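So the structure is just underneath, and the comments pick up after that.
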Amino acid sequence: MSFPKSFLWGSATSAYQVEGNNRFSDWWHWEIKNKKEQSGRACDFWNQYPIYIDYLKQGRQNAFRLSLEWARINPEKNIWNEKALRHYLKIIEELKKNKIEPIITLWHFTLPEWLAQKDGWLNKDSLKHWQDYIEKIKEYFGQEIRYWLTLNEPSIYLYKGYLEGNWPPGKKIALFKALRIRRKLIQAHQLAYQILKTKQNQISLALNLSFDEPGFKFYPLGNLLVKIFQNYTDWGVLAELKNKELLDFIGINYYFHNLIKINPLISRKKNKIFSDLGWEIYPQGIAKVAEQVYRLAKKPILITENGLADKKDEKRPKFIQDHILGLDQAMKQGVPIIGYLHWSLIDNFEWALGKEPRFGLLEMDYEKITAKPRQSFWFYKKIVESYTERV
Ligand code: BGC
């Protein structure tokens, strides 16, 4: 295997899951209201970022995905927290000083509580509020950032928050109404793209794209079912966006292999190798998804997330190796892949599942709020060193 020198090797996080003390976010209030495990200080990334960035450096990672917390920047309607904005600038500077490319997500599932209280994305002015936020981001970071991701996984958010109801705002609404919010999120992407686009930067969003195939042998019907199913996932978001020239590359979060059937609709048990969360490990799928995306969109691909919950770190090294092998295969088929970001750098707050699932290359001690490398952290470093072309 050999990857170009410019290949982005790194890992990914999101603000709410690692920073700690995001008291103005809807999730913070949701945890309290529903007596859920609290994110609390999480990984204390907000204060300890120099330590984490030093780990990135030690691990030879040259890229890092992090998000900005809208609620921290805009804690109340029309109020902007300049101190927080400057703090984010410091984090970005620290990354750059260490030759680590910051890849910034603008919205990773959480909303300011003041907006959530007024129906969140359903509010008639939500796009206007989003626009204000993006303008502020442009003012502070417009010249600093090469890679932007506007949104993270719109369809997962809709499913969890509006159909299953297990995440804020905890609603169970009709599918057609959820699709209206999806339209809005797509508009939010377009708006952010138009505001932030320069000749120097690359803008996309992170889509949760699974490898889906028919779960039974009658393929014409099976393939049709897969198409219908995908339309309601981030594959559908991609289909809506790809003709609009508002994507400079495609961000793929790859986690799942789905067998689509009639009843139950999805099953995930072909390989019988699972993560701690019972998610099937299916590295073959990453090349297939990358190839399908490239065929559809003809844009470079960045793997914006890929990882597993594996507390004992028994499966993670092979998991990383096999998925990177998949990327190598896709590249040999002519698919331009510009980078791989492992989810996650650190064990973190896994939304409704709290702190139990362990996705990190670094292991978190939540009592002491300190982190230490797992074996796979060093393994990943070796991969980066041995597979990157030197000249
Ligand atoms: C999300 C992350 C989450 C990860 C593992 C992704 O879908 O973007 O926030 O922690 O999956 O569940």
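Just follow the structure's listing: the first ligand is 1, and inside any ligand the first atom is 1. Computed from a predicted structure; not experimentally measured. Residue numbers run from 1 in the order of the sequence given.
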- Could you pull out all residues at least two apart from Lys382 that satisfy side-chain contact (heavy atoms from CB on, under 4.5 Å)?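 Scan of Lys382 (side-chain contact (heavy atoms from CB on, under 4.5 Å), adjacent residues dropped) gives none.
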- Message: With a 4.0 Å heavy-atom cut-off, what residues sit around ligand 1?
- Response: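 Residues near ligand 1: Gln17, His108, Phe109, Asn152, Glu153, Asn208, Tyr255, Trp279, Glu305, Trp343, Glu350, Trp351, Phe359.
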- Residue pair Ser14 / Gln17, side-chain donor-acceptor N/O under 3.5 Å: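 Ser14 vs Gln17: donor-acceptor pair found between side chains.
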- Message: Is it the case that the side chains of Ser25 and Glu113 hold a donor-acceptor pair, with the cut-off being a distance below 3.5 Å and no angle test?
- Response: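 No, no side-chain donor-acceptor pair sits under 3.5 Å.
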- Message: Run the salt bridge (Lys or Arg N to Asp or Glu O under 4.0 Å) test against Lys97 and tell me which residues pass, sequence neighbours left out.
- Response: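 Salt bridge (Lys or Arg N to Asp or Glu O under 4.0 Å) list for Lys97, sorted by chain: Glu94.
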- Message: Once side chain to side chain donor-acceptor pair (under 3.5 Å) is applied, what residue pairs with a partner in residues 150-169 remain, sequence neighbours excluded?
- Response: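 Matches after skipping sequence neighbours: Arg65-Asn152, His108-Asn152, Thr150-His189, Asn152-Asn253, Glu153-Asn208, Glu153-Asn253, Ser155-Asp234.
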- Item | Tyr255 ring center near Trp343 ring center (under 6.0 Å) |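 So the answer is no for these two rings.
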